[in-house]
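Sharing a structure here in C-alpha cells format.
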Amino acid sequence: MHKQQFNNKCAQLSSAGDPVSLKNLCQTSVENLKQISIKDLIKKTVMTDTILWGFQITKPIQMVGINFVIEDDQHDAIEVAIYNQLPVRSPIKKLDALLFPGCKIGIKNPYLRCCSDGNFMLRNDNPSNIIIQRPNEPIEIKPVQAQSENAIENEVKEIVKIPIAEYYGSTIIKVTNSNGRGLFAFKNIARGTNIVVERSLGKNNENASNFVMLNIVGNKMNTNSQSNLNNMLVIEQTNDEILRAKLNCLYAGNMRTDCPNIKQIRLNNFKDFDTSFVSAEMIYQIVKFNSFGGENEQCNLFFIISFANHAKQPNACLVQEGEFHILKALRNIKADEEITIDYVGGIQNRKEALLNWGITRE
Ligand SMILES: C[S@@+](CC[C@H](N)C(=O)[O-])C[C@H]1O[C@@H](n2cnc3c(N)ncnc32)[C@H](O)[C@@H]1O
C-alpha cells in the first residue's frame, strides 16, 4: 500500500470510530463520578457515571489510536486505546511527550470493548473523557556512549530505554526482625527489573553526568557534598510540604515502626503525614543514616530507596541515569522477600565504611 493510501486508510478508520465509544461522552465532573477499579469493569459495557484511575506503565504505541497499559491501585493492569487525542501518525516525539510511563490517567465512563482479536481493552473516542496528569516533563534520553565491552555496556543499553518518571514498583515498607524498617517485594520480581525509579531528595545533583553506578560505593561523599545537601534540604523544605513529610518519615529510622504507605505515596497523597518543619539537626541525622554516596562522591538521599537495608549479598543494586536512580533486581526476588543493597560494594575497608550508618557487623 502506498504511503498516501495508508494515511487515507488510517484517517478513515480513525473517523469511523467505535459507535458505542463515540456516543459515550461524559460531561460529569470528576468529583461526581464514582471511582472504580479494573476488577469492577464489565465486558462490553459502558460504566456510566464512573471513573477509573491508573498509572501508565508502558510507553504508548500509535496505530490508528494510541495504545498503552495502565495499572490501578489494586495492581491490576489493562490496555487502553484512545482515539482522536492526536492526529493520526503524529510524530513519536509528540506522543511520548503527551503520554509516558508515570502519568496518572483518569478514564471517565470506561468501556471494556471486545476487539477483533478477542481481547478486551478500554476504548475511548472522546478526548474529554480522558484526564492526563503528568508527574513531570519527560527527560530526553540521550544515547550513552559505551565505554567498554564488559557488563557496564550491557547495563547502559538496558538503562537507556528506561526512566522518564519516578516509579515505585511492587514494593512495600515493613518492619524487619532486626534492622528497623525495610523495603519488601509484594510480588515476585524478575532479575533485571527496575524495581524503583527515584530522584534524590534535594536538588544537589545539577552536575550529575550520565554515568552508571553498578554498585553503591559506600557513604563516602565528601564533606562538601554532604553539607551542601544538608543546607539545600533546610532551605527547600520551606516551600515544600511533601519534602517535609518525607524527611519527617525518615528521621530516627530504626527507632520507628510506622511505615509509609506506598499506595498513598503513588497517589501523591501525603495528607496523613507529619509535615512540620524539620530542624537542621534532624536533617543532619537523616542525611547521615539514609544517604548513599556515588562514584563522583555525590551525596544522594532518597525516600523509598532509602528504606532498603544493607546486606553483604544483596538482591538489588543502585544504578544512576541522569537525574534518576534505579533500584535494580540483581536476581529473582520472591514475594515477601526483603530487598537489600550493598551499601559498601567496592570499598576495601567495609567494616569501617559501614560504621557511617551505625552498622557494626554484617
Ligand atoms: C538507609 S536506612 C535503612 C532504613 C532503616 N532501617 C529505617 O528503619 O528507616 C539505614 C539504616 O538502617 C539500619 N540498617 C540497614 N542495614 C542494616 C544491617 N544490615 N544491619 C544493621 N542495621 C542496618 C542502620 O541503622 C542504618 O543506619
Side-chain angles (χ1 to χ4, degrees), residues 168 171-186 195-196 198-202 204 216 218-221 223 225-227 229-238 240-266 269-293 299-316 318 325 327 336-344 347 350-362:
Y168 305 132
T171 54
I172 184 168
I173 297 162
K174 292 198 292 193
V175 176
T176 65
N177 290 336
S178 54
N179 298 333
R181 299 167 298 178
L183 194 64
F184 288 77
F186 67 73
I195 310 170
V196 175
E198 248 188 325
R199 285 191 181 83
S200 50
L201 301 179
N204 73 331
I216 295 167
N219 201 6
K220 241 184 94 196
M221 71 289 292
T223 357
S225 66
Q226 182 158 5
S227 60
L229 177 59
N230 288 339
N231 292 338
M232 290 287 179
L233 292 170
V234 170
I235 297 163
E236 276 176 28
Q237 66 163 322
T238 315
D240 191 340
E241 212 179 21
I242 292 181
L243 176 62
R244 296 204 296 270
K246 290 179 177 175
L247 291 172
N248 275 302
C249 201
L250 288 170
Y251 179 62
N254 266 18
M255 318 293 287
R256 303 173 63 144
T257 51
D258 56 327
C259 297
N261 180 337
I262 299 190
K263 242 189 212 176
Q264 251 175 301
I265 294 162
R266 277 201 187 93
N269 173 5
F270 286 87
K271 67 176 190 301
D272 301 333
F273 284 65
D274 176 3
T275 56
S276 52
F277 274 87
V278 189
S279 71
E281 173 58 27
M282 284 164 76
I283 289 183
Y284 172 83
Q285 298 289 345
I286 294 161
V287 171
K288 176 165 168 48
F289 292 113
N290 293 284
S291 65
F292 309 115
C299 179
N300 294 301
L301 176 71
F302 304 99
F303 183 46
I304 303 299
I305 293 175
S306 282
F307 282 98
N309 283 319
H310 163 81
K312 195 172 180 180
Q313 273 158 354
N315 50 21
L318 258 189
H325 278 78
L327 182 67
D336 283 336
E337 202 179 321
E338 186 175 358
I339 301 167
T340 54
I341 52 181
D342 182 355
Y343 290 2
V344 290
I347 281 199
R350 296 177 61 89
K351 223 175 159 184
E352 189 189 305
L354 281 170
L355 291 176
N356 287 309
W357 290 272
I359 301 174
T360 49
R361 69 190 155 98
E362 283 197 85

> Out of curiosity, L233 CG to M282 CE, how far, rounded to the nearest 0.5 Å?
Replying inline: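 L233 atom CG to M282 atom CE measures 12.5 Å (nearest 0.5 Å).
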
> Is a donor on one side and an acceptor on the other found under 3.5 Å between the side chain of E198 and the backbone of I304?
Replying inline: yes

> Taking C-beta and beyond as the side chain, do E338 and L183 meet within less than 4.5 Å on heavy atoms?
Replying inline: no

> Any idea which heavy atoms bring L327 and I339 closest together, and the distance?
Replying inline: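 That would be CD2-CG2, 3.9 Å.
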
>> For a 4.5 angstrom cut-off between non-hydrogen side-chain atoms, does Y343 reach L354?
In response: yes

>> Minimum heavy-atom separation for V344 and A353, please, with both atom names.
In response: CG1-CB, 3.4 Å

>> For F186, is the CZ atom crowded, meaning more than 12 foreign heavy atoms sit under 6.0 Å from it?
In response: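 Enclosed: over 12 neighbouring heavy atoms sit under 6.0 Å from CZ of F186.
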
> Do the side chains of Q237 and F277 get nearer than 4.5 Å, heavy atoms only?
Replying inline: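 Side chain of F277 against side chain of Q237, heavy atoms only: contact under 4.5 Å found.
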
> Closest heavy-atom contact between F289 and G358?
Replying inline: CE2-N, 4.1 Å

> Roughly how far apart are I286 CD1 and E281 CD, rounded to 0.5 Å?
Replying inline: 10.0 Å

>> Does any part of the side chain of C299, heavy atoms only, come nearer than 4.5 Å to the side chain of L229, both counted from C-beta?
In response: yes

> Just wondering, do H310 and I341 contact through their side chains at under 4.5 Å, heavy atoms?
Replying inline: no

> Is there a side-chain contact between V234 and V278, using heavy atoms and a 4.5 Å cut-off?
Replying inline: no

>> For the CZ atom of F302 and the NE2 atom of H325, what is their distance to the nearest 0.5 Å?
In response: 4.0 Å

> Got F292 and S306 here, is their nearest side-chain heavy-atom distance under 4.5 Å?
Replying inline: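 Yes, close enough: below the 4.5 Å cut-off.
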
>> To check you understand the geometry: which heavy-atom pair defines the closest contact between L250 and N290, and what is its length?
In response: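 Closest pair (atom of L250, atom of N290, distance): O-ND2, 3.7 Å.
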
> What's the spacing between L301 CG and N230 CG if we round to 0.5 Å?
Replying inline: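 One finds 9.5 Å between CG of L301 and CG of N230.
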
>> So, using side-chain contact (heavy atoms from CB on, under 4.5 Å) as the criterion, who are the partners of N254 when residues are at least two apart?
In response: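 Expected list: none.
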
> When you measure from the side chain of N315 to the backbone N and O of T340, does any donor-acceptor pair fall under 3.5 Å?
Replying inline: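 Side chain of N315 to backbone of T340: a pair is present.
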
> Any salt bridge between R244 and D274, counting N to O under 4.0 Å?
Replying inline: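 No, R244 and D274 are not salt-bridged.
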
> Which atoms form the tightest heavy-atom contact between A245 and F273, and what is the distance?
Replying inline: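 Residues A245 and F273, closest heavy atoms: CB-CB, 3.6 Å.
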
> Is the count of non-hydrogen atoms from other residues, nucleotides or ligands lying under 6.0 Å from E352 atom CD greater than 12?
Replying inline: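 Counting other residues, nucleotides and ligands, CD of E352 stays at 12 neighbours or fewer.
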
> Is the backbone of W357 close enough, under 3.5 Å, to the side chain of K288 for a donor and an acceptor to pair up by distance?
Replying inline: no

> At what distance, to the nearest 0.5 angstrom, does CZ of R350 lie from CD of E362?
Replying inline: 4.0 Å

> Do you know the tightest heavy-atom contact between I173 and R181?
Replying inline: CG2-CB, 4.3 Å

>> Can you confirm whether I265 sits close enough to F303 that some side-chain heavy atom of one is under 4.5 Å from a side-chain heavy atom of the other?
In response: yes

